[in-house]
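Written below as structure tokens is the structure these notes are about.
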Amino acid sequence: MSARYSYFQHFGKSVLVSRYKDSTLAVVFTAYFDAAGDVRQNVLAVAGAVSDFGKWKRFELAWQRILDVEHVSCFHMTDFVSFEGEFKTWRGPDNAARRGKFILDLLACANKFINKAFAAAIPMADYTLVNRRYEMSEADMYPFSICGRMCVELTEKWKKKHGYGN
């Protein structure tokens with residue numbers, strides 16, 4: 001797939017075929033979670049954003065330019081905050097301004113190219129207590145799926161509020 005032919009364009013054309021337009025809205029959810037630590041301290045969160053295909057394409061290009069300036073192939077927040085992987089040399093007070101500018105540039109990029117962001121989170125300690133009492137996991141109600149469903153519900157409410165069809 002060429003750089004000019006984005007994932008979002010491919011997805012849109014695959015699903016909508018001749019009805020595809022750059023102005024068609026698309027919802028993309030990405031989940032970030034930490035399952036490695038002590039469950040009494042962890043929070044599972046799902047976050048997503050909605051935008052049209054044209055904006056997603058511009059987002060991809062702008063995001064990649066920010067990464068290219070810093071010679072970063074892919075942004076992983078876990079690596080960024082722990083100075084691992086491509087961010088090993090970013091540690092220390094001498095790099096504080098660099099880190100600040102980089103994260104602000106990424107946030108500004110996201111803010112510029114999305115129509116609306118959605119998020120839901122569950123503190124794992126709370127889920128564990130509720131699950132013990134109500135056996136939620138026995139009904140396939142896990143934290144990830146609960147948060148994901150909440151994001152979908154928030155997206156549906158936003159969609160209806162702004163008059164967007166299916």
Side-chain angles (χ1 to χ4, degrees), residues 1-12 25-131 136-137 141-159:
M1 189 178 306
S2 75
R4 294 213 177 274
Y5 190 74
S6 74
Y7 165 79
F8 299 108
Q9 191 174 19
H10 174 76
F11 174 77
L25 285 178
V27 178
V28 177
F29 287 104
T30 302
Y32 298 95
F33 57 94
D34 178 7
D38 183 346
V39 295
R40 293 173 297 165
Q41 298 173 0
N42 288 335
V43 173
L44 184 133
V46 174
V50 63
S51 194
D52 63 59
F53 284 111
K55 281 185 176 180
W56 281 128
K57 286 194 304 189
R58 293 190 302 277
F59 166 81
E60 254 183 344
L61 295 171
W63 185 272
Q64 190 60 53
R65 280 194 296 272
I66 295 166
L67 297 182
D68 290 346
V69 165
E70 290 293 348
H71 308 288
V72 173
S73 64
C74 185
F75 180 70
H76 293 283
M77 181 60 92
T78 302
D79 290 346
F80 180 75
V81 298
S82 62
F83 307 110
E84 297 292 328
E86 295 179 276
F87 301 101
K88 278 186 178 183
T89 62
W90 291 46
R91 184 183 301 273
D94 293 344
N95 287 307
R98 178 185 185 192
R99 290 191 306 268
K101 181 182 179 335
F102 181 68
I103 203 73
L104 287 174
D105 287 348
L106 292 175
L107 288 169
C109 177
N111 189 50
K112 181 176 181 179
F113 295 108
I114 64 169
N115 289 27
K116 183 73 174 172
F118 306 94
I122 294 179
M124 291 304 296
D126 293 349
Y127 175 80
T128 300
L129 289 173
V130 172
N131 187 45
M136 295 173 68
S137 61
M141 294 177 67
Y142 298 100
F144 182 81
S145 58
I146 293 168
C147 288
R149 179 71 181 127
M150 187 67 200
C151 284
V152 170
E153 182 65 27
L154 291 169
T155 304
E156 286 295 317
K157 286 181 180 179
W158 174 84
K159 189 176 79 168

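Position 1 is the first residue of the sequence, and the numbers go up from there. This structure is a prediction, so every number in the text was calculated from the model and none was measured.
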Problem - Results of side chain to side chain contact (heavy atoms under 4.5 Å, CB included) for Ala119 - residues two or more places apart only - result: Ala47
Problem - Those residues that, when tested against Val69, pass side chain to side chain contact (heavy atoms under 4.5 Å, CB included) (two or more places apart) - result: none
Drop me the distance from [X]'s [atom1] to [Y]'s [atom2], to the nearest 0.5 angstrom.
X      : Y      : atom1 : atom2 : result
Leu104 : Ile66  : CG    : CD1   : 10.5 Å
Ser51  : Ile114 : OG    : CD1   : 7.5 Å
Ile103 : Arg98  : CD1   : CZ    : 13.0 Å

Exercise for the section: Could you tell me whether Lys57 and Glu60 have a side-chain N and a carboxylate O separated by less than 4.0 Å? Expected result: no
Handout entry: Pairs where residues 80-96 contributes a residue and the test salt bridge (Lys or Arg N to Asp or Glu O under 4.0 Å) is met, not counting sequence neighbours
Key = none
Practice task
Mind jotting down which residue pairs meet the salt bridge (Lys or Arg N to Asp or Glu O under 4.0 Å) criterion with at least one end in residues 109-129? Sequence neighbours excluded, please.
Solution key: none
Exercise for the section: Would you please name every residue forming a ring-ring contact (aromatic ring centres under 6.0 Å, His included) with Phe75, sequence neighbours left out? Expected result: Phe80, Phe102
Practice task
Could you give me the CA-CA distance, side-chain angles and deciding distance for Val81 and Arg99, then say whether side chain to side chain contact (heavy atoms under 4.5 Å, CB included) is met?
Solution key: CA-CA 10 Å; Val81 298; Arg99 290 191 306 268; over 6 Å; no
Quick one: list whatever passes side chain to side chain donor-acceptor pair (under 3.5 Å) with [X], sequence neighbours left out.
X      : answer
Arg65  : none
Glu153 : none
Asp68  : Gln64

Identify every side-chain donor-acceptor pair in residues 141-149 under 3.5 Å, counting partners at least two apart or on other chains, and give the distances.
from   : atom 1 : to     : atom 2 : distance (Å)
Tyr142 : OH     : Ser137 : O      : 3.3
Ser145 : OG     : Tyr142 : N      : 3.2
Ser145 : OG     : Tyr142 : O      : 3.0

Problem - Heavy-atom pair with the smallest gap, counting every atom of Ala110 and Phe59 - result: CA-CE1, 3.9 Å
Exercise for the section: Could you pull out the closest heavy-atom pair between Tyr127 and Ile122, with the gap in Å? Expected result: CB-CG2, 3.7 Å
Fill in the blank from the handout: salt bridge (charged side-chain N to carboxylate O under 4.0 Å, His left out) filter on Lys101, not counting sequence neighbours, yields Asp105
Handout entry: Working for side chain to side chain contact (heavy atoms under 4.5 Å, CB included), residues Val72 and Trp90
Key = CA-CA 12 Å; Val72 173; Trp90 291 46; 4.1 Å; yes
